[in-house]
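First the structure, in the form of structure tokens, and then the observations on it.
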Amino acid sequence: MLKEMLMNVQKNVPLIHNITNYVTVNDCANILLACGASPIMSDDIGEVEEITSICAGLNINIGTLNQRTIPAMLAAGRKANELGHPVVLDPVGAGASALRTETAQRILQEVHFAVIRGNISEIKTLAKGNGNTKGVDADVADRVTEENLDQAVSFAKDFAKKTGAVIAITGAIDIVADYERAFCIRNGHADMSKVTGTGCQLSAMTAAYVAANPEHVLEAVAAAVCAMGLCGEKAKERMTQLDGNASYRNYIMDAVCRLTPDALERGAKYEVR
Amino acid sequence: MLKEMLMNVQKNVPLIHNITNYVTVNDCANILLACGASPIMSDDIGEVEEITSICAGLNINIGTLNQRTIPAMLAAGRKANELGHPVVLDPVGAGASALRTETAQRILQEVHFAVIRGNISEIKTLAKGNGNTKGVDADVADRVTEENLDQAVSFAKDFAKKTGAVIAITGAIDIVADYERAFCIRNGHADMSKVTGTGCQLSAMTAAYVAANPEHVLEAVAAAVCAMGLCGEKAKERMTQLDGNASYRNYIMDAVCRLTPDALERGAKYEVR
Amino acid sequence: MLKEMLMNVQKNVPLIHNITNYVTVNDCANILLACGASPIMSDDIGEVEEITSICAGLNINIGTLNQRTIPAMLAAGRKANELGHPVVLDPVGAGASALRTETAQRILQEVHFAVIRGNISEIKTLAKGNGNTKGVDADVADRVTEENLDQAVSFAKDFAKKTGAVIAITGAIDIVADYERAFCIRNGHADMSKVTGTGCQLSAMTAAYVAANPEHVLEAVAAAVCAMGLCGEKAKERMTQLDGNASYRNYIMDAVCRLTPDALERGAKYEVR
């Protein structure tokens with residue numbers, strides 16, 4: 001099933017509009033090219049509606065948000081909704097400042113999202129209205145473990161029901177859930193957190209997978225999350241004694257570029273709860 | 001002839017002022033260092049005239065343009081004109097939104113450019129006032145092929161005559177033309193389009209080549225275009241089974257850094273029409 | 001002594017708030033992760049005080065400053081002062097425009113810095129109120145050499161006394177000084193200047209070292225400067241005939257990621273004057 005998701009990305013080459021932070025924007029563009037999609041970045045209120053109209057999907061990432069880009073996020077999101085384009089929200093740092101928390105909440109109210117992807121602290125912040133995000137990382141107390149997995153799955157399904165979005169909570173174990181089914185994914189490597197923006201990259205790539213598979217949003221998101229994790233594993237195998245996070249970053253991207261649908265199907269490690 | 005162009009970049013170490021998008025800005029800075037020039041990035045209206053005054057050339061790239069940076073582009077461009085510094089325009093995404101098309105048109109009216117470099121859809125948009133750019137990529141219907149090459153060369157020469165700029169249209173076959181002569185260049189590799197910003201990088205590097213060779217603008221642009229394509233070829237040869245677009249990006253930059261004037265002269269593949 | 005500085009970074013994992021330019025921001029985030037710290041980037045006036053409150057240190061870098069971010073720098077700096085968090089200033093391009101020079105001066109007046117790190121031309125500009133920075137590089141006439149080292153050390157100590165900050169002047173020979181002691185550091189490699197942003201990266205990393213070692217600011221800065229230079233040396237040894245500045249950039253980051261406290265202690269080359 002997952003292999004078809006990637007095949008459709010490669011076949012359709014979806015153009016993805018990104019309104020994203022300036023820290024990891026280059027990686028977001030390159031990961032979209034790597035997976036077979038095409039990126040365009042644009043955040044000015046004077047063009048975002050037009051830009052999103054020519055795209056197949058929209059990725060909104062609130063890292064380094066500012067007064068100029070917030071209205072652009074809202075305008076682009078509403079336009080994408082109007083056109084029926086899938087929209088992905090990456091609530092980077094929600095819980096770390098009132099501006100981020102409130103902006104994320106406001107966007108959630110005004111725009112319908114096909115997918116919301118973040119770490120557990122960010123997603124809890126969205127669901128509960130406040131949070132204890134440690135900067136842009138999840139708080140240790142929040143982390144999803146084998147012990148609290150069922151509870152986290154219930155939380156994700158509930159939030160999916162409330163928002164109508166597929167919820168992707170990424171961490172040591174990833175959860176991808178709609179209101180009734182949850183993929184629990186065990187791909188990935190802990191060292192991926194030593195590379196800035198692997199989460200941002202995943203959100204961008206998720207937008208491409210969903211845009212190419214509009215009839216199978218849950219499976220598309222699960223495929224994107226498995227793909228990113230699997231590429232983190234493959235990249236790890238390539239590391240030498242001298243390699244650090246810079247080479248790891250490159251190897252992950254390279255692995256995404258080389259990933260075949262069959263390899264994704266074979267390498268994906270998940271169960272459905 | 002082309003080898004002298006690179007020799008002069010390496011000898012003069014031109015400082016290039018870049019007003020450019022935040023997606024590929026780091027690559028633009030590093031490619032300028034790689035080719036022997038020096039970068040400075042600055043886009044605030046409060047300093048761009050002063051910054052461009054201490055530089056040898058200006059590179060204006062409209063990707064991720066916004067209301068804050070557009071006036072800075074105009075002010076810097078006019079100042080560079082006043083001082084006789086060469087200015088390069090990269091009309092990223094012209095045709096993809098009215099804001100980009102109109103901004104590109106307006107800058108063209110108010111600033112004289114030594115060089116305009118873009119893909120065929122972007123350049124057609126500038127020449128005709130509207131276009132069908134697919135995001136930031138050329139539309140398939142527009143592409144330059146062996147069959148329509150003479151027609152594309154005529155178009156480039158006409159637009160060069162109209163604007164007084166050297167026109168560089170890059171794609172599978174690159175055209176670098178002034179009003180009477182056109183270099184048709186067959187360096188490069190199709191996979192360069194899998195790396196975001198190779199076009200932006202080329203525009204930045206072109207500004208350096210032209211700034212270092214003010215008496216030979218056409219040849220300087222041709223040399224920069226050949227150099228980028230040749231480095232794309234050399235980088236491709238270095239790729240292993242595990243390498244993807246991240247490593248390719250690095251190898252292209254490395255090749256620019258290692259390129260000697262003699263290797264450029266030997267490796268350039270062009271004819272003049 | 002220096003090894004403890006790095007051990008404390010790795011143990012405390014300080015979260016560093018960066019208000020920095022969009023050219024090298026990704027490298028700043030990755031170098032913080034590489035050295036064992038954690039980054040957050042935020043520059044909107046609506047959240048910078050709150051963001052800096054949850055962090056252990058603040059890094060202010062004025063490259064690509066603009067009217068929107070300058071007030072954010074001031075607000076964050078004052079808040080960090082109020083909370084007793086160390087603040088690092090990187091006056092990128094001070095001397096290259098009145099906006100940069102005046103902004104740097106103004107920030108210096110309103111915010112107390114634990115560390116000011118720049119090239120000799122930038123630091124002279126701050127000390128003297130005007131300068132001859134060549135873009136973002138030091139002017140040749142200013143450069144620190146074995147011949148003028150004592151004079152440069154005196155200058156650094158005087159400026160440290162005047163500002164209450166540790167002064168880090170980086171170049172072929174690095175000087176790290178408070179009002180009475182100066183580390184003269186001979187790590188590093190000339191080719192580091194072919195990679196954009198090694199200075200920005202060092203400033204970000206310095207903030208992490210100082211935040212993790214608040215009782216030993218001078219030694220912490222010296223350790224960060226030695227670490228960066230040493231990693232430039234180690235990375236250089238790894239270069240092949242095909243590698244250029246792109247690979248060098250990656251290898252430097254990798255070396256920072258792999259650097260152990262013992263290797264730092266052994267590899268640091270300095271004398272105290």
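Within every chain, numbering begins at 1; the chains are lettered A, B, ... in the order of the sequence lines, protein sequences first and strands thereafter.
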For C/Ser247 against B/Arg238, the heavy-atom pair lying closest together:
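That would be OG-NH2, 4.1 Å.
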
I need the minimum non-hydrogen distance between B/Arg258 and C/Thr240, along with the two atoms involved.
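Where B/Arg258 meets C/Thr240 most closely, the heavy atoms are NH2-O, 3.0 Å.
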
Are B/Met41 and C/Asn21 packed together at the side-chain level, in the sense that at least one heavy-atom pair is separated by less than 4.5 angstrom?
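No, every pair of side-chain atoms sits at 4.5 Å or beyond.
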
Would you mind telling me which of B/Ile252, B/Ile51, B/Asn18 has the largest number of heavy-atom pairs within less than 4.5 Å of chain C?
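The answer is B/Ile51.
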
Among B/Glu49, B/Glu50, B/His17, which residue forms the greatest number of heavy-atom pairs with chain C at distances under 4.5 Å?
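Max contact count across the listed options: B/Glu50.
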
Do B/Glu47 and C/Ser97 meet the criterion of a side-chain donor-acceptor pair at a distance under 3.5 Å?
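There is such a pair (donor and acceptor under 3.5 Å, judged by atom type) between the side chains of B/Glu47 and C/Ser97.
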
Answer with yes or no whether the side chains of B/Asn30 and C/Thr196 bring together a donor and an acceptor at under 3.5 Å.
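No, because no side-chain N or O of C/Thr196 sits under 3.5 Å from a partner of the opposite role on B/Asn30.
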
Heavy-atom pairs under 4.5 Å with chain B are the metric here; pick the option from C/Val92, C/Leu99, C/Leu242 that has the most.
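Answer, by heavy-atom pair count under 4.5 Å with chain B: C/Leu242.
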
Quick check on the interface: out of C/Thr64, C/Val23, C/Asn26, who has the most heavy-atom pairs with chain B under 4.5 Å?
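The residue among C/Thr64, C/Val23, C/Asn26 with the greatest pair count is C/Val23.
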
Chain C contact via B/Thr20 - side chain, backbone, both or neither, heavy atoms under 4.5 Å:
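Only the backbone of B/Thr20 comes within 4.5 Å of chain C.
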
Side chain, backbone, both or neither: which part of [X] has a heavy atom under 4.5 Å from chain B?
X        : value
C/Asn250 : side chain
C/Asp27  : side chain
C/Arg68  : neither

Which is it for B/Asp44 and C/Arg100 under the side-chain contact (heavy atoms from CB on, under 4.5 Å) test, yes or no, and what are the steps along the way?
CA-CA 10 Å; B/Asp44 192 85; C/Arg100 297 201 190 201; over 6 Å; no

List the steps and the verdict of salt bridge (charged side-chain N to carboxylate O under 4.0 Å, His left out) for C/Arg249 and B/Asp254.
CA-CA 10 Å; C/Arg249 171 202 189 196; B/Asp254 281 351; over 6 Å; no

Check whether more than 12 heavy atoms from other residues, nucleotides or ligands sit under 6.0 Å from atom CD of C/Glu146, and answer yes or no.
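Yes - once you tally the heavy atoms of other residues, nucleotides and ligands closer than 6.0 Å, there are more than 12.
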
